[in-house]
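Numbers here are sequence positions counted from 1. First listed ligand is number 1; within each ligand, the first listed atom is number 1.
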Amino acid sequence: MNLERCTQTCLCQIRHQPKWVVLTGGPGAGKTAVLELARRTFCQHVVILPEAASVVLRCEMLHSSEPSAKRAAQRVIYQLQWECEELLRAEPSGLIVCDRGLLDGIAYWPKGEQDFLKSLKVKKEVLLNRYDAIIHLRTPSLEQGYNHVNPVRLETAQQAAQIDQSILEIWQDHPQRYVVESQDQFQKKAAEVLGILASLVPDCCQPQ
Ligand SMILES: [Zn+2]
Ligand SMILES: [Zn+2]
C-alpha cells in the first residue's frame with residue numbers, strides 16, 4: 001500500500017491531530033475519480049490511504065466466488081487496512097482519507113454482519129468510532145451510467161446496487177455520515193464530495 005499525499009504546496013507547520021474520513025460507496029460510484037480530484041485540490045497535509053481490496057484481490061487464490069475464499073479475502077483486506085491505519089496514527093497530517101472503511105467488508109461477507117464481526121473478533125462500535133466522518137457515494141443506476149471500466153470490477157449493475165445498499169446500511173449509525181447521490185453530471189457529485197472534504201480540512205490547510 002502506497003500512501004498518497006495531495007499535491008498542493010502549503011506552508012503550514014502545525015502538527016495536526018488528524019481527522020479521519022472514510023470515502024465509501026458501491027462499485028462504480030466514482031471514488032477513484034473523486035480521489036484524483038482531491039489529490040490535485042488539497043495540500044500535502046491531506047493524506048489518502050488507498051483501497052486495501054485492490055491490493056489483496058490481485059492474489060488469485062483470494063479472488064474467487066467460493067464462500068471460504070470470500071471470507072479469507074475479506075479477513076486479509078480487513079487486517080491490511082487495520083495495520084496500515086495503525087501505522088498512520090503517528091501521522092501529523094490534517095486529514096486522512098481512507099478509500100473504504102473497516103466495516104465495508106460486511107457487504108462482501110457471505111453470512112452478514114454478525115458473522116463478520118464474530119470472525120474478526122471486533123465490536124461494530126469500535127470500528128464506527130475509528131472515523132470522524134463517512135462519505136458514501138451512491139452507485140449510479142444503469143441509466144446514469146454504471147459501467148465496467150474498472151478491470152477489477154466484476155459486478156453486474158444489480159449486484160453493484162445491492163452492495164451499495166448494503167454499505168449504506170452498514171454505516172447508517174455513524175453520527176457524521178454524508179450520503180452523496182448520483183447525478184446526471186459526475187462533476188456535480190464530485191464537487192459535493194470535495195466540498196465535504198474541504199469542510200473537514202483544518203483552517204490552516206484550506207485550499208487557496
Ligand atoms: Zn495545517
Ligand atoms: Zn497543509
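With hydrogens and angles disregarded, a donor-acceptor distance shorter than 3.5 Å links the side chain of Ser64 to the backbone of Glu66. His136 places no side-chain N or O within donor-acceptor distance of the main-chain N or O of Thr24, the cut-off being under 3.5 Å.
Taking a 6.0 Å sphere around CD of Glu86, one finds it holds more than 12 heavy atoms contributed by other residues, nucleotides or ligands.
Vertex the Zn ion (ligand 2), arms ending at ND1 of His45 and SG of Cys205: the angle is 110° after rounding to 10 degrees.
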Given the rule in the salt bridge (charged side-chain N to carboxylate O under 4.0 Å, His left out) test, do Lys188 and Glu181 qualify, once you have shown the distances and angles that lead to the verdict?
-> CA-CA 10 Å; Lys188 284 190 192 162; Glu181 297 295 336; over 6 Å; no

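For the Zn ion (ligand 2), the set of nearby N, O or S atoms under 2.8 Å includes none belonging to Cys12. Residue Cys204 does not count as close to the Zn ion (ligand 2), with no N, O or S atom under 2.8 Å.
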